[in-house]
Structure formats: structure tokens, C-alpha cells
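The structure under discussion appears below in the form of C-alpha cells.
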Amino acid sequence: MNEKVTPFSKGGLEGIKVRIQAEDFSMEEEVERLRASSKKVGAVVAFLGAARDFSEGKNVKAIEFEEYKGMALKALEELRNDTMKRFDVLDVSIVHRINRMEPGDRIVLIVAASMHRKAAFEACEWCIDRLKETVPIWKKEITPEGDSWVAPHP
Amino acid sequence: MNEKVTPFSKGGLEGIKVRIQAEDFSMEEEVERLRASSKKVGAVVAFLGAARDFSEGKNVKAIEFEEYKGMALKALEELRNDTMKRFDVLDVSIVHRINRMEPGDRIVLIVAASMHRKAAFEACEWCIDRLKETVPIWKKEITPEGDSWVAPHP
Amino acid sequence: MVKVLFFGILSSKTGCKETEVELGSREVELSVFMGDLRERFKDLPKAAYMIAVNKEQATLKTIVRDNDEVAIMPPFSGGSR
Amino acid sequence: MVKVLFFGILSSKTGCKETEVELGSREVELSVFMGDLRERFKDLPKAAYMIAVNKEQATLKTIVRDNDEVAIMPPFSGGSR
């Protein structure tokens, strides 16, 4: 195991399950961590959001994410708690990257583990929808003409 | 890349994206293969089905999957095609393991890649629901008292 | 010879995974073929979840002839729970 | 001093990411605080998506006092498209 543990607000496993970090993450590691947490796990659903070819006719070279440090991680923790209360899941983890990202880079990973698959699908989808509404992170586009903040999209 | 390519019905990439095999699979590898297939990929949803603690009071040591060889893989290929026709996804892959499995073992992986996340969630969930109806694979439970075939569950 | 395969619980019920049926040059509808088979395997249920002839889903009207493969299948149970 | 943070597009509109406001020993409702701030930053929109005081979501009735941190936030845009 080469766990790349990054700074997080709480010590212990809880903190590992909710992270904001510049580095890339390992999907296998995140999924296995959740799966190994209980023998009851029958289904794991993972959502991976990636930076796709940006341009809609624009000359976007990269994107950059900024967080409200201190509040964004707290919001992610609340989001995880809300998800676990709302759905019949055994565990949930959320990783969001910040700073500069180029096309193809992985931005966000949400993993939900449950006994039965329906709950994991629902939890995972709800969680990413909700993340966009509740977590203070903003994206801007980097172009040769300068940076511009991106209006949110659903 | 240490791709463990197992026998499949067609050569080339198509075959790799639909497999029935005894060996375990790498989630990272499957997801990256799909993600790398197009710069348009903005969302990847992966469903992992695992063998959970079997027993409901029963003394189940392991489970075993049997396929109708030749027909099961063809059914998986049709399932992949149907999923890609039905949803706005860029790519889909399906891997189902057979033979003996113990608690915690990974059984099935379905990965859907799309531009927008909704299609990937829908495709992935539809695909696993449908797999249970259309792919000739059967499960039995291995107990000290003998084996018994499992009635299907939704 | 027609090769006959029983899968899952049906192999337990019939006590057989694979058998052969001699049709000679006769060609019969699957409904007839299944009727004859039930004479031999009394515990074979009246309805199967799916029957395939030569790995293609068949109907009771499908014609069975020499060298065909008939697979008799109970409901599938792939995937995790 | 009250620390004031502008995020995302609001930092572009105000031309400022972080500033300070002197309240002395006064305690004011956030609505008043924001009114005063708009005097200084004419391009600050009337409504923000969220305002937090000390990293907790605030309402226009929330009291702001010395040493508080006020963050003024436009709609979030985390996640992938």
C-alpha cells in the first residue's frame, strides 16, 4: 500500500474519506478502502468526473479550481454525512482536486458502497448533484487572453 | 501496462470491452481504458458487484458461477450494444467473472463513459439490471452439505 | 444426434448436465422435442426460462434437427446480489 | 478588523480577493455590513449565492463584529461539467 495521505481536517479514517487535494488519486485504492470496510458490501458505485476537451470554440488551455479553504472540506464532510443518512449505504468517500487541471485530468471521485446496488447508485448520483450546490469550490478557465471564472452548470 | 488479456470471441478492442473470465480484474485499468478512448469523456460511472458475506443463517463457504459458454459472451456483447444505443454514452465495458468466489471477491464490473454524468449513471444501472435478465450465467452456493443453485434475485 | 444441455437448477432436477437425443433424419418442432424429453426426464419443469437452439433463443415453433444443440435454461442469476 | 473574502467571479468584479473592514467595537447586522461594503465596491452585486461568517452560512440578520471573517461567494462550480 502506498497511501498518499494528504492533509485533512480530522485524523483517522474519517478524514481519509473526504479530501481536497492537488494530487491525483487512485480509483482502485479508494474503492478498495470502502469495500474492505465491511463484509456486507455487495455493491460499489463510483463516479469519476474528468476535465474533458474544454473548448466550445474557446481557446482554453487549462482549468483551475479554487476552494474556500476550511469551509470547502467542512462542506464535503457534511455532504458525506447527509448522503449516509439519506441512503441505505455502508460508506461513502469523496475526493475533489484543486488547482490547475488539463484536459483528461481527473477532477472528482465519489464512491458509495452498499449491500444492494440501488442505494449505491442513488447515493452516488445525489452526492455529485449536491456537491455542486453546497461545496465552495470555483472553476476558472485559463486562456492566452487571461483567466475567466466559469458560471455553474447543473 | 500489464494487461491481462483473456480469451474473447472477437479480436481487437471490442473484445476487451466485454469479457467473461476466471481472473480478477483491475478497476483502474478498465476505467482508464474507457476514459482514454475519447477526449470528450467528462463522466465515468463504474458499478462493482462483490460477493458479500453470503449466509442468511446458511453455512455457505463460497459461490460458483457457471456460464453457457459461447452464448453468455454473445449476450454480453448484445447487452453492451443495446446500452450504447439506448443511452448517450461514449463507451461501455462489462467484465463478469466465473467459477469459484469467496466473500469479498469481485464478481462483476460495468463501466460507462459519457460527456455528461446523467447518461453514464443511467446506462450503468440499466446495464446491470438487464445483465441479470439476459446473460446465461447461474450461481450456486457451496456448503459442507452440498451445492445448491440460487434462485435469481432482482 | 441432438446435443441437449441442462443448466443451473435444471441440471440438479434432471440429474444430468448433458445428454443426447437421436432424431435421425426427423425434423420436429421444439414443442414436440420438449414433450419427448419430458418423458425421459420426469422432473423437467413444463416451462423453462429460456430455450436456445444452436445458442440462439428459440420458440416452441423452432425446428430441431440432427446436429443441433438445445440448451434448456432456468432463470439467470449472474451479477452480485 | 473584519476580514472580507471575495471568491470566484466576485473577486474579478471587485478587483479584490481579500480586504479588511474596521468596525471597532460596533456590532452590525450582515445586511448593514454588506450595504457599507457596496459603497466601497460599486460592482459588488446586490445578492450573493452565499455569505459565510466565520465559515458558517449566514443570513442578513447575522451579527458581524471585530475579528470575524466574512466570505462573499458566487454560485459554486465544483465537480466536472
Side-chain angles (χ1 to χ4, degrees), chain A residues 24-56 60 63 90 101-132 153-154, chain B residues 24-56 60 63 90 101-132 153-154:
Chain A
D24 200 4
F25 44 77
S26 155
M27 203 160 164
E28 197 93 47
E29 214 173 88
E30 302 297 331
V31 168
E32 280 310 295
R33 202 202 315 282
L34 248 62
R35 218 169 56 81
S37 69
S38 164
K39 285 226 167 185
K40 288 186 191 161
V41 172
V44 180
V45 174
F47 167 77
L48 174 69
R52 60 190 183 85
D53 194 8
F54 302 123
S55 44
E56 272 132 6
V60 180
I63 52 176
L90 296 161
M101 236 90 52
E102 297 186 9
D105 281 352
R106 308 195 283 185
I107 298 169
V108 60
L109 178 68
I110 295 176
V111 187
S114 60
M115 287 174 70
H116 303 289
R117 69 186 182 280
K118 197 166 170 47
F121 273 110
E122 287 174 351
C124 196
E125 190 165 13
W126 186 83
C127 195
I128 179 62
D129 287 352
R130 201 81 185 124
L131 183 148
K132 289 161 180 279
H153 36 68
Chain B
D24 200 4
F25 44 77
S26 155
M27 201 160 167
E28 199 93 48
E29 213 173 89
E30 302 297 333
V31 167
E32 281 310 296
R33 201 202 317 279
L34 249 61
R35 217 168 58 80
S37 69
S38 164
K39 284 225 169 186
K40 288 187 191 160
V41 172
V44 180
V45 173
F47 168 76
L48 175 70
R52 60 190 184 82
D53 194 9
F54 304 119
S55 41
E56 272 132 5
V60 181
I63 52 177
L90 296 161
M101 236 91 48
E102 297 188 4
D105 281 351
R106 308 194 282 183
I107 298 169
V108 60
L109 178 68
I110 295 176
V111 187
S114 61
M115 287 175 69
H116 303 289
R117 68 186 182 281
K118 197 165 169 49
F121 273 110
E122 287 174 352
C124 196
E125 190 166 11
W126 186 82
C127 195
I128 178 63
D129 287 353
R130 200 83 183 120
L131 183 148
K132 289 160 182 278
H153 36 66

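Order of the sequence lines sets the chain letters (A, B, ...), proteins ahead of strands, with each chain counted from 1.
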> Closest heavy-atom contact between B:P103 and A:K39?
Replying inline: CB-NZ, 4.4 Å

> Of all heavy-atom pairs between B:E125 and A:K118, which one has the smallest distance, and what is that distance?
Replying inline: OE2-CG, 4.1 Å

>> Which heavy atom of B:A43 sits nearest to which heavy atom of A:F47, and what is that distance?
In response: CB-CE1, 3.6 Å

> Taking all non-hydrogen atoms of both residues, which atom of A:R52 and which atom of B:K40 are closest, and how far apart?
Replying inline: CD-O, 3.1 Å

>> Please give me the minimum heavy-atom distance between A:A50 and B:R35, naming the atom from each residue.
In response: CB-NH1, 3.7 Å

> Contact part of B:V31 toward chain A, heavy-atom cut-off under 4.5 Å: side chain, backbone, both or neither?
Replying inline: side chain

> Are the side chains of B:E30 and A:M27 in touch, meaning some heavy atoms are under 4.5 Å apart?
Replying inline: no

> So which heavy atom on B:D129 is nearest to which on A:R117, and how close?
Replying inline: OD1-NH2, 2.6 Å

